[in-house]
Amino acid sequence: MTTPNTARLAKRVKLSDGALITKMLDIAEGLDDVIKLGRGDPDLDTPAHIIKAGQEALANGATHYTHPLGIAPLREAIADNIRAYGGADYAADEIMITPGGQQGMFIIALSLLDPGDEIIVPCPGYNPYQQAAEMSDAVVVKIPMTLATNFTLTAEMIEPHITERSKILVLINPNNPTGSVTPPDEVRKIAELAKKHDLIVISDEIYSRLTFGNNTVLPVASLPDMKERTITLSGFSKAYAMTGWRIGYLAGPRDLIMPMSEVNHAFAISTAAVSQHAALAAMTGPQDCVEEMRQTYDARRRAICKGLDAIGMGYAEPQGAFYVYANVASLGLGITAGAFCERLLAEGRVMMYPGTIYGDHTDDFVRMSMTQPVDRIEIAMQRMAQVVESFRADARTAAI
Ligand code: PLP
């Protein structure tokens, strides 16, 4: 029997990031009572009226393929919702429902990127953008963001990276993993830059309903002459706690949405009908559930920040989404975020992910998801304080 040459066969798939998560999940498997602040999957349930709409849809025969763009009432409801939150004016055929926002990224990359095209992505930033671009043989141009600007992408940072081959600029607002919100004035400057250099903007606004304090998201496509060059990516997973329903959407000008609809059709034919009917209930039903969840995350955010303050660990100001990006290097222990996460999990039974998973050029930060109730977060912060104390004790012993 011959052994397959996996290096050749697996050319397009880079395993490194996923392997780290798998390793953490494997360690967690063997432990009791792990407090999971890793995945960006809300512990909160999908609101009851949305579940009920899904159940009724199934009972009424929503068991078939739908129009490749998605059912018309849902696309119309999304267009209304985008308008209601100050976004651009879309017709129903300028909205495409996808099996999760994440698949939307791959649809965009496969539809728009030719080999050698450059796509500018914020780093750290949600990493499937990079994977989608790499699988399209595009060149990923990473803009390193830092704590100095609270990990906000600025037009000034982007411009030096623009070349003749630049095609797409990705804005993730609020950002995962850093929780930073790009201020409206900066969004305006980035839009001007996109027009000046003829770039398509992918504006990932999946967390736009989850912002804290005075932070708000200015939808890029609403700015003058931006709708025709912007694809807004969003979905239901975060604001409506619907990760398992696998449904998201893209909004963009018709001449970009139509070719993407062909790719979407080739991938999935259409998004699951039951999920589309549930999403319709999410869009058209009461919206106080979103505000309740936002307030829940806000309380958790304060609990995490309080715990980090007590430990003496720095962090980026969490302005949106449901993550706190904490600075391991600020502890001054000379350890990487990866080493910190592993020991925290093994000894403290608290799981979180290092920022390197999201393309952070340093190994200094960890992402903490606000996906546990406040009482569990408080226990997690106590356990974290103990592990930091063990690291400090080691450092003292090493110094003797
Ligand atoms: N965009 C961002 C910034 C995300 O963090 C995520 C998921 O974590 C997604 C898109 C994809 O979400 P989904 O595929 O569940 O719609």
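Position 1 is the first residue of the sequence; numbering continues from there. In each ligand, atom 1 is the first atom listed, and ligand 1 is the first ligand listed.
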Could you tell me which residues satisfy ring-ring contact (aromatic ring centres under 6.0 Å, His included) with Tyr353, sequence neighbours excluded, listed by chain and number?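 Tyr353: no ring-ring contact (aromatic ring centres under 6.0 Å, His included) contacts found.
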
Do [X] and [Y] sit within salt-bridge range, that is, some charged N less than 4.0 Å from a carboxylate O?
{"X": "Arg376", "Y": "Asp33", "result": "yes"}
{"X": "Arg75", "Y": "Glu94", "result": "no"}
{"X": "Asp80", "Y": "Arg83", "result": "yes"}

I'd like the contact residues of ligand 1, where contact means a heavy atom below 4.0 Å.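 Residues within 4.0 Å of ligand 1: Gly100, Gly101, Gln102, Met105, Tyr126, Ile172, Asn176, Asp204, Ile206, Tyr207, Ser237, Lys238, Arg246.
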
Would you mind listing the cluster partners of Ile50? Hydrophobic ones only (ILVMFWY), side-chain contacts under 4.5 Å, chaining allowed.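 So far as hydrophobic clustering goes, Ile50 is joined with Ile51, Leu58, Ile71, Leu74, Ile78, Ile82, Tyr90, Ile95, Ile97, Phe236, Tyr240, Met242, Trp245, Ile247, Tyr249, Val274, Leu280, Met283, Val290.
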
All N/O donor-acceptor pairs, side-chain side in residues 177-187, below 3.5 Å, sequence neighbours left out:
{"from": "Thr178", "atom 1": "OG1", "to": "Asn175", "atom 2": "OD1", "distance (Å)": "3.1"}
{"from": "Thr178", "atom 1": "OG1", "to": "Ser180", "atom 2": "N", "distance (Å)": "3.4"}
{"from": "Thr178", "atom 1": "OG1", "to": "Ser180", "atom 2": "OG", "distance (Å)": "2.9"}
{"from": "Ser180", "atom 1": "OG", "to": "Phe151", "atom 2": "O", "distance (Å)": "3.0"}
{"from": "Asp185", "atom 1": "OD1", "to": "Arg188", "atom 2": "NH1", "distance (Å)": "2.8"}
{"from": "Glu186", "atom 1": "OE2", "to": "Ala155", "atom 2": "N", "distance (Å)": "2.9"}

